[in-house]
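Single-structure report; data block below.
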Amino acid sequence: MYNAKMEISKILAPLIPGLEPNQIYDMLEVPPNPEMGDLALPCFKLSRILRKSPVQIAEELAAGIPADENIDRIESVSGYLNFFLNQNHYIRQVLCHIMESGQAYGSSDIGKGKTIVIDYSYPNIAKPFHVGHLRSTSIGNSLYRLYKFSGYNCVGINHLGDWGTQFGKLITAYKHWGSKEAVQKNLIKELVSLYVKFHKEAEKDDSLNDEAREWFLRLEQGDEEALELWQWFKDISLEEYQQVYDLLDVSFDSYHGEAFYNDKMEPVIQKLKDKNLLKESEGAMIVDLSDEDMPPCLILKADGSTLYATRDIAAAIYRKKTYDFDKCIYVTGVSQNLHFKQWFKVIEKMGYEWHKDLYHVPFGTVSIGGERLATRTGNVVLLEDLLNKAIEKTLEIIDAKNPHLENKHEIAKQMGGGAVIFSDLFSNRIKDVSFSWDEILNFDGETGPYVQYTHARTCSLLKKAEESGVNAEELEFDSSLLNSKEEYQLVKSLAEFPEKVSQAVEELEPSIITRYLVNLAQAFNRFYHNHSILLEDKELKHARLTLVKAAKVTLYNGLRLIGLHAPERV
RNA sequence: GUACCCGUAGCUCAGUUGGAUAGAGCGUUGGACUCCGACUCCAGAGGACGGAGGUUCGAAUCCUCUCGGGUACACCA
């Protein structure tokens, strides 16, 4: 693809002794205002090397640059060297490239031959999927798509919370107050109310806790009845999660959860012993990390049972063996920062050089009304409820604006779900978010529906053009006709897409794409409102339709990268 | 107590490998639908970037201190 920055750094290199083209490339920046040019070189740093004033350097460079078909003019303004590209040439290069690339526009093969394992979503079996789980799911899913788009081989793992003492509690509660019929009828909702009831009753009657421990012990020892119930609860949960995943358009390559590693921890403990890393402390077995200024990593409880660090270590080793990953990424809340730092360090101490390929990708905490989310206290918003409300609201809008739309239920799902994911991926991962119904159900402005609507608008234009006999696939176009500032701004925005993708991959930050899409949609809508497209003038019509097509392709590709559908009509 | 993270318009957030007058959206005020889909577009009001020092030709961005909020710190995950 044509890269104006690259061209300019090549032109400048011979004029600036001592600097390589790539160093100049890094110095080039986009001026704050388009009227100042398309690219600029601040000459302040050069002033030390060249021992001249920045103003003088800019003046001399401006005068010394040979004529080039890519550049219209060059201005020197108070120490900045400003480049104005040849718009016609630039527009032609960018649009031709997008048209040729199509759905591959923005993709690359930098990840060719490399494998990325991404661990995300991991809901707790027998508990409802709530908005807190959404972040891990939507961020992980987007990272998966971003990596894939960049040529990596990806393995998406849903590390299900399918083991632990909560199953003892659940089985106990089921035995006391549950019934097969009630569970079959109300599924997870019934399991949750059993779970909540257990905690309520256990406060009054401590013997229930003993009973729960006993059931979990039986489960661990392979007791048939316990295992059967466990499997049943798991199946019920998975089936219900699957509905949410379908709605969110999320899937996984593996559902190996915690239970899967039950028989894989013993060798890990043995290895820790062999390496002389395991130490007894207060009855528990730990790996001491005081030389790293960290609290110790707990490996075995005083009663000899394992902890989540043990499981994570075993899982990482298993994954390295199974997938031979180049990177293994964990998408979890920031509150787990220390935990990951600790066990990554344990992996390093065990002598695995791939410890450096483990990445924790943290995200901020979700709260509702200033309170943390908690299933037990009921301070949660179920994802299912949220999605349903968003879909319902979308349907209302469709009924008001476009009541005869085909498939309107399907499209309402795509947009309602899209609105929820989009808002989840809009701000930087690390920021804490306060859940608000009003905000998430507002579809105006910087929202998923806005971008989807814009995409549908491009589709509608192209369809109308086709109906009048224009083949949008094979447009001949005269780029010199696209000479307004709205058209130029739109092309510049389109051209940014590939670097936004690589930036998002590098920073593990889907929000870069989300915000880019808003900017792109804004640029398109400005163009749309200022210029008619389906005109009598065939040349102009074809040129503008090419621009519309390029916008459609880029909006589509971008929406898919953050996990949204891009319906053609809405 | 110690460590890490966050603190930019009324609200939600961009911008942080230092660069030209700090940008969006929501809300608000005023405009644009006989016109390619108004979930749209245009315009206005609204901010010494928590505070104080420092480094620099230049700081929202880097350093130090400080205030406010969040999170973590041994047998939950």
Side-chain angles (χ1 to χ4, degrees), chain A residues 26-27 29 31-33 36 40 42-45 47-48 53-54 77-80 82 122 124 159 161 163-166 258 281-286 293-309 311-312 332-339 341-342 362 364-365 367 370 372 393-394 397-398 400-402 415 419 423 426-428 430-434 436 438-439 442-454 456-457 459-465 511-512 514-515 518-519 521-522 524-535 541 544-545 548 569-570:
Chain A
D26 289 336
M27 286 173 74
E29 58 189 41
N33 186 330
M36 296 165 151
C43 300
F44 308 97
K45 281 176 193 149
S47 117
R48 227 166 272 157
S53 79
V77 183
S78 52
Y80 288 89
N82 292 339
Y122 50 84
N124 280 323
H159 190 78
W163 201 252
T165 44
Q166 77 260 31
E258 297 174 356
S281 169
E282 295 171 36
M285 297 304 279
I286 64 160
D293 287 323
M294 278 192 271
C297 185
L298 278 272
I299 302 294
L300 290 174
K301 293 196 240 180
D303 67 5
S305 57
T306 56
L307 284 117
Y308 69 131
R311 211 171 289 275
D312 277 338
T332 85
V334 269
S335 60
Q336 296 192 45
N337 270 354
L338 179 61
H339 167 244
K341 267 174 81 175
Q342 286 177 309
T365 313
S367 62
R372 287 189 73 161
K393 165 132 193 217
T394 312
I397 296 172
I398 292 174
K401 300 273 167 80
N402 194 5
M415 293 190 83
S423 89
F426 189 73
S427 58
N428 284 343
I430 201 67
K431 299 250 177 159
D432 288 348
V433 296
S434 176
S436 149
D438 285 346
E439 260 168 56
N442 177 9
F443 296 168
D444 293 332
E446 300 168 322
T447 66
Y450 170 69
V451 178
Q452 286 172 319
Y453 174 78
T454 305
R457 184 178 255 174
C459 293
S460 167
L461 284 165
L462 292 165
K463 190 157 185 253
K464 280 214 162 64
S511 66
I512 289 171
T514 315
R515 277 193 303 273
V518 169
N519 285 331
Q522 284 172 341
F524 178 82
N525 284 321
R526 263 176 218 131
F527 155 67
Y528 175 86
H529 271 270
N530 283 291
H531 304 283
S532 296
I533 293 151
L534 301 173
L535 299 155
K541 178 166 74 171
R544 289 192 175 151
L545 276 172
V548 172
R569 329 196 81 187
V570 302

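Order of the sequence lines fixes the chain letters, A, B, ..., with proteins taken first and strands second; residue numbering starts at 1 for each chain.
No hydrogens or angles considered: a donor-acceptor pair under 3.5 Å links the side chains of S305(A) and D303(A). T454(A) and N525(A) share a donor-acceptor pair across their side chains, judged by distance under 3.5 Å alone.
For the pair D432(A) (side chain) and T365(A) (backbone), a donor-acceptor distance under 3.5 Å is present. With Q342(A) contributing its side chain and P295(A) its backbone, the two residues share a donor-acceptor pair below 3.5 Å. Looking only at distances, a side-chain donor or acceptor of R544(A) sits under 3.5 Å from a matching main-chain atom of S532(A). Listed for the N402(A) side chain is a donor-acceptor partner under 3.5 Å among the backbone atoms of V570(A).
The nearest pair of heavy atoms linking R457(A) to H529(A) is NH1-NE2, 4.2 Å. Taking each heavy atom of V548(A) and F524(A) in turn, the nearest pair found is CG2-CE1, 4.1 Å. Minimum heavy-atom separation, A465(A) to L545(A): CB-CD1, 3.5 Å.
A48(B) is unpaired under the Watson-Crick or G-U wobble criterion, no partner having all donor-acceptor distances under 3.5 Å. Nucleotide G68(B) is matched to C6(B) when pairs are restricted to Watson-Crick or G-U wobble geometry with both distances under 3.5 angstrom. In this structure, C35(B) forms no base pair with any nucleotide, since neither Watson-Crick nor G-U wobble geometry is met with both distances under 3.5 Å. Using the Watson-Crick or G-U wobble rule with both distances under 3.5 Å, U17(B) pairs with nothing in any strand shown. The partner of C62(B) is G54(B), judged by Watson-Crick or G-U wobble contacts that both fall below 3.5 Å. The partner of G25(B) is C11(B), by the rule that a Watson-Crick or G-U pair needs both atom distances under 3.5 Å. Taking a pair to require two hydrogen-bonding distances under 3.5 Å in either a Watson-Crick or a G-U wobble arrangement, C73(B) pairs with G1(B).
At a threshold of 4.0 angstrom between heavy atoms, the contacts of S305(A) with the nucleic acid are absent. Within 4.0 Å (heavy atoms only), Q452(A) reaches no atom of the nucleic acid at all. No contact: M294(A) has no heavy atom under 4.0 Å from any strand. Counting non-hydrogen atoms under 4.0 angstrom, P296(A) reaches a base of the nucleic acid. When heavy atoms are screened at a 4.0 angstrom cut-off, R544(A) is found touching no nucleic acid atom at all. At a threshold of 4.0 angstrom between heavy atoms, the contacts of P31(A) include nucleobase atoms, whether or not backbone atoms are also involved.
Residue K301(A) places at least one side-chain N or O under 4.0 Å from the OP1 or OP2 atom of C76(B).
Taking atom CG on N442(A) and atom P on A24(B), their separation rounds to 19 Å, with Å as the unit. Atoms CD (E282(A)) and C1' (C75(B)) sit 9 Å apart, rounded to a whole Å. For the pair H339(A) NE2 and A72(B) C1', the interatomic distance rounds to 13 Å; values are reported in whole Å. Between N337(A) atom CG and U71(B) atom C1' the separation is 8 Å, expressed in whole Å. Across the protein-nucleic acid pair, K45(A) atom NZ and G18(B) atom C1' stand 7 Å apart, rounded to whole Å. Atoms CD1 (I286(A)) and P (C75(B)) sit 13 Å apart, rounded to a whole Å. The separation between F44(A) atom CZ and A59(B) atom C1' is 14 Å, rounded to whole Å. The CG atom of L300(A) sits 13 Å away from the P atom of C76(B) (whole-angstrom rounding).
Nucleotides A45(B) and G10(B) have their P atoms positioned 15 Å apart, rounded to a whole Å. G51(B) and C67(B) have their P atoms separated by 15 Å, with the value rounded to a whole Å. Nucleotides A60(B) and A48(B) have their P atoms positioned 13 Å apart, rounded to a whole Å. Atom C1' of G15(B) sits at a distance of 7 Å from the matching atom of G23(B), rounded to the whole Å. Between the C1' atoms of C26(B) and A9(B), the separation comes to 12 Å (whole Å). A gap of 36 Å separates the P atoms of U28(B) and U17(B), to the nearest Å. Comparing G70(B) with A74(B), their C1' atoms sit 23 Å apart, to the nearest whole Å. Comparing C33(B) with A38(B), their C1' atoms sit 7 Å apart, to the nearest whole Å.
A heavy-atom distance below 4.5 Å is found between the side chains of S434(A) and S367(A).
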- Task: Start with the C-alpha gap between K463(A) and C459(A), add the side-chain angles, then the distance that decides, and say whether side-chain contact (heavy atoms from CB on, under 4.5 Å) holds.
- Result: CA-CA 6 Å; K463(A) 190 157 185 253; C459(A) 293; over 6 Å; no
- Derivation and outcome, side-chain contact (heavy atoms from CB on, under 4.5 Å), residues M415(A) and T447(A): CA-CA 10 Å; M415(A) 293 190 83; T447(A) 66; over 6 Å; no
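Base orientation of A48(B): syn (glycosidic angle within 90° of 0).
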- In B/S/- notation, 5' to 3', how is nucleotides 35-47 of chain B contacted by protein heavy atoms closer than 4.0 Å? -BBSBBSS-----
- Note on the structure: With B for base contact, S for sugar-phosphate-only contact and - for none (protein heavy atoms under 4.0 Å), nucleotides 10-16 of chain B reads --SSSS-
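Place E29(A) and H159(A) on RNA chain B by their nearest nucleotides, and E29(A) ends up nearer the 5' end.
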